[in-house]
Amino acid sequence: MSDTQPQSSQAMTVYLQPGRFIDADDPRVIAFTDQHSVNGESEVAAAVRLYLAVRDEVVYDPYRVGPDPRYFRASDCLTTGSGFCIPKAALLAACARVIGIPARVGYADVRNHLSTKKLDELIGGNVYAWHSYTDLYLERKWVKATPAFNKQLCERFGVHVLAFDGRHDSLLQAYNTAGDRHMEYVRQRGVFKDVPYESILADFEAHYPRWLHHRADLDDALFGHQGNV
């Protein structure tokens, strides 16, 4: 079940603690956060800076998906320098927690009207369950940020680069630069303090088995053979 909005500072602490997938205590995440932080800046400015870093320095790759937890964890997408929306949202949440900004991850099912034929065939359609964004607690309210599509990818496919100002929700682009329909939100799944890996995996196994398993062991050389848990 998704988390409800906390009513006290004590309840808010759960959104500051490291998680299994939002691993804010991982040295790689801490180093990445420190690299993109400026002493004395406001929380909003820091959140925007981290959003841009995750959006553009970790390349969006819808093919980097697999059943192992490593495909869903914040620190692991730093290792590869790429990932799909779930680990990228987890990474932004982890970075925010490092500097004391409460953060959680949210999910929705979306329809991509402009997805490629290759990806549609692999998915079995153009609806993607469990698309992820980051929910950041800034200036006493939750604000949505979506760091999935890097700037270079957007420019390549003629899509507006998604901005985030730390004060307004930043959700996927409804239309591309030509005015064609792009992303459509079809179902909200709620917000969570950590990636609900087991629920996501069960749905991916049921609905997207080819997509989930297409990589086989291609990444073992990069990750090692230990099978992170």
Side-chain angles (χ1 to χ4, degrees), residues 18-38 46-99 101 103 105 107 112 115-116 118-119 122-123 128 130-134 136 145-157 159 161-164 170 172-173 194-195 197 200-201 204 208 211-229:
R20 179 186 177 193
F21 294 91
I22 302 177
D23 50 347
D25 55 347
D26 186 277
R28 293 165 292 183
V29 174
I30 295 171
F32 182 82
T33 304
D34 289 345
Q35 179 186 349
H36 296 286
S37 297
V38 174
V48 171
R49 187 185 300 276
L50 290 171
Y51 168 82
L52 293 174
V54 174
R55 187 193 72 183
D56 293 335
E57 294 187 26
V58 179
V59 175
Y60 176 75
D61 185 352
Y63 297 99
R64 188 170 290 283
V65 178
D68 193 278
R70 66 193 182 195
Y71 293 99
F72 297 82
R73 188 180 289 117
S75 59
D76 285 324
C77 74
L78 278 178
T79 297
T80 63
S82 64
F84 71 124
C85 61
I86 291 177
K88 291 194 68 173
L91 176 59
L92 179 55
C95 293
R97 291 182 185 184
V98 169
I99 60 172
I101 297 174
V105 280
Y107 299 89
N112 186 347
S115 58
T116 65
K118 178 182 177 181
L119 194 55
L122 191 61
I123 293 290
Y128 297 79
W130 295 96
H131 157 72
S132 189
Y133 58 87
T134 312
L136 302 171
T146 308
F149 299 154
N150 52 291
K151 181 178 180 181
Q152 186 177 18
L153 180 75
C154 291
E155 292 173 344
R156 176 184 173 190
F157 285 96
V159 176
V161 180
L162 192 60
F164 176 61
S170 178
L172 289 175
Q173 306 91 323
D194 201 2
V195 176
Y197 167 73
I200 295 172
L201 188 65
F204 281 14
Y208 312 130
W211 184 44
L212 182 65
H213 293 283
H214 77 283
R215 295 193 70 92
D217 296 325
L218 292 177
D219 290 326
D220 279 349
L222 179 59
F223 281 104
H225 296 273
Q226 70 274 19
N228 293 340
V229 295

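What you see is a predicted model, and the numbers here were worked out from it, not measured in a lab.
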Kindly indicate whether the side chain of [X], heavy atoms from C-beta on, has any atom under 4.5 Å from the side chain of [Y].
X	Y	result
P67	H213	yes
L52	F164	no
N112	Y128	yes
F21	P69	yes
L153	V59	no
Y208	V65	no
L50	I99	yes

[Y] backbone acceptor or donor facing [X] side chain under 3.5 Å:
X	Y	result
D25	P18	no
D194	I22	yes
Y51	T146	yes
D26	S75	no
H214	W211	yes

Could you give the distance from [atom1] ([X]) to [atom2] ([Y]), rounded to the nearest 0.5 Å?
X	Y	atom1	atom2	answer
R73	D68	CZ	CG	7.5 Å
C85	D61	SG	CG	11.5 Å
L92	R97	CG	CZ	11.0 Å
Y71	L201	OH	CG	12.5 Å
N150	E155	CG	CD	9.5 Å

Residue pair [X] / [Y]: nearest heavy atoms and the distance that separates them:
X	Y	value
F72	I200	CE2-CG2, 3.8 Å
V29	A94	CG1-CB, 3.8 Å
S132	A89	OG-CB, 3.2 Å
R55	L162	NH1-O, 2.8 Å
A163	S170	O-OG, 2.5 Å
L136	A47	CD1-CB, 4.1 Å

Establish, yes or no, whether the cationic atom of K88 lies under 6.0 Å from the six-membered ring centre of F149 and within 45° of the ring axis.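 No; the conditions do not both hold, so K88 does not lie above the ring face of F149.
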Do we get R64 above F84's six-membered ring, with its NZ or CZ under 6.0 Å from the centre and within 45° of the axis?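 Judged by the rule (NZ or CZ under 6.0 Å from the ring centre, within 45° of its axis), R64 is not positioned above F84.
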Under 3.5 Å side-chain donor-acceptor pair for R28 and T79: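 Short answer, yes.
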For V195 and Y107: C-alpha separation, side-chain torsions, deciding distance, then whether side-chain contact (heavy atoms from CB on, under 4.5 Å) applies. CA-CA 10 Å; V195 176; Y107 299 89; 3.6 Å; yes
Other residues, nucleotides and ligands only: do more than 12 of their heavy atoms fall within 6.0 Å of CD on Q152?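 12 or below, so no.
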Please say which of C95, S37, P27 ends up in a side chain to side chain contact (heavy atoms under 4.5 Å, CB included) with F32.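 In the set C95, S37, P27, the residue that makes a side chain to side chain contact (heavy atoms under 4.5 Å, CB included) with F32 is C95.
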